[in-house]
Amino acid sequence: MGWCDFWDKNLDDLPGFGTPMACQAKDAAEEKVAEAAASAWEEIVHSFQEGAVWMIKELALGWLRADSPTLDANSGTVSFLFSSTIALTQWLAVLCLLIAAGRMAWTRRSEPAREAAAGIFRLIIATSAAVAVVNLLTKAGDEFSIWIVNRSLGCKGARRATRALRRSATSC
């Protein structure tokens, strides 16, 4: 129990003030207020700590949860780009065939025809496989980035950790 020194001299004249019972009540109230303030402050500090940990975790690992888009040749951006460039692609292919025909006529050799056929074959392969190759490379890049994060965190069992990171982006 502390010394009851919070009363002004004017309050000492009132009945009941300055008595040991009033001092005990004052000391008990001080203790309760101090405990409540300390508890509230600890809660505030704990909340800030949890918020900082969550923010660091999300900044470091949150991008692992983001799904990569799957490209579809029949809709979306791929379809728009394909329909926008198909006329130019066809025009250039025909121009290349005409140039190869001119070279064949000029040199009287069949080598430009083989080169033109190989070029057309490459164009067909590139336009038909482009979307599938980009999808495969995107998935491979996603798995590689998760593997790098697992290695940097020192995780063992990369396959299990990769699944866990994919689901929750937490450490393993």
Side-chain angles (χ1 to χ4, degrees), residues 33-172:
V33 168
E35 286 175 13
S39 175
W41 181 250
E42 287 175 10
E43 282 294 319
I44 291 171
V45 169
H46 184 68
S47 295
F48 273 107
Q49 179 186 13
E50 285 179 350
V53 167
W54 177 85
M55 187 182 335
I56 290 171
K57 182 180 88 173
E58 288 300 314
L59 288 174
L61 301 173
W63 58 274
L64 292 174
R65 283 193 309 253
D67 288 333
S68 296
T70 301
L71 301 178
D72 183 16
N74 299 325
S75 64
T77 307
V78 175
S79 175
F80 171 75
L81 288 174
F82 186 75
S83 65
S84 298
T85 60
I86 190 70
L88 180 63
T89 304
Q90 290 172 346
W91 187 83
L92 287 174
V94 169
L95 179 66
C96 289
L97 286 175
L98 290 175
I99 290 173
R103 283 182 58 205
M104 278 178 47
W106 185 263
T107 62
R108 295 182 186 187
R109 302 184 74 135
S110 64
E111 186 177 319
R114 277 186 277 142
E115 291 174 0
I120 295 295
F121 180 71
R122 280 189 294 249
L123 175 67
I124 291 169
I125 295 298
T127 55
S128 62
V131 174
V133 169
V134 169
N135 279 334
L136 287 173
L137 290 175
T138 301
K139 289 192 185 304
D142 290 346
E143 295 300 319
F144 179 72
S145 62
I146 292 173
W147 179 75
I148 290 291
V149 169
N150 286 341
R151 297 250 346 243
S152 69
L153 293 174
C155 296
K156 292 187 171 121
R159 212 169 266 204
R160 187 172 10 97
T162 300
R163 283 190 217 112
L165 277 173
R166 196 64 73 197
R167 274 186 253 115
S168 65
T170 59
S171 63
C172 18

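Throughout, numbering of the chain's residues begins at 1 and tracks the sequence. What you are looking at is a predicted structure, and each value in this text was computed from that prediction instead of being measured.
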Would you be so kind as to tabulate the donor-acceptor pairs closer than 3.5 Å made by side chains of residues 87-106, with sequence neighbours excluded?
| unit_1 | atom_1 | unit_2 | atom_2 | d |
| --- | --- | --- | --- | --- |
| Thr89 | OG1 | Thr85 | O | 2.8 |
| Arg103 | NH1 | Glu115 | OE1 | 3.1 |

Could you tabulate the donor-acceptor pairs under 3.5 Å formed by side-chain atoms of residues 121-133, not counting sequence neighbours?
| unit_1 | atom_1 | unit_2 | atom_2 | d |
| --- | --- | --- | --- | --- |
| Thr127 | OG1 | Leu123 | O | 3.0 |
| Thr127 | OG1 | Ile124 | O | 3.2 |
| Ser128 | OG | Ile124 | O | 2.9 |
| Ser128 | OG | Ile125 | O | 3.3 |

Any residue meeting ring-ring contact (aromatic ring centres under 6.0 Å, His included) with Phe144, in chain and number order, not counting sequence neighbours: Trp147
With sequence neighbours left out, write down each residue that passes side chain to side chain donor-acceptor pair (under 3.5 Å) with Glu50, or none if nothing qualifies. His46
State which residues pass side-chain contact (heavy atoms from CB on, under 4.5 Å) with Ser47; sequence neighbours excluded, sorted by chain then number.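 side-chain contact (heavy atoms from CB on, under 4.5 Å) list for Ser47, sorted by chain: empty.
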Residues two or more places apart in sequence or in another chain: which of them pass side-chain contact (heavy atoms from CB on, under 4.5 Å) with Ser79?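 Partners of Ser79 by the side-chain contact (heavy atoms from CB on, under 4.5 Å) criterion come out as none, since no residue qualifies.
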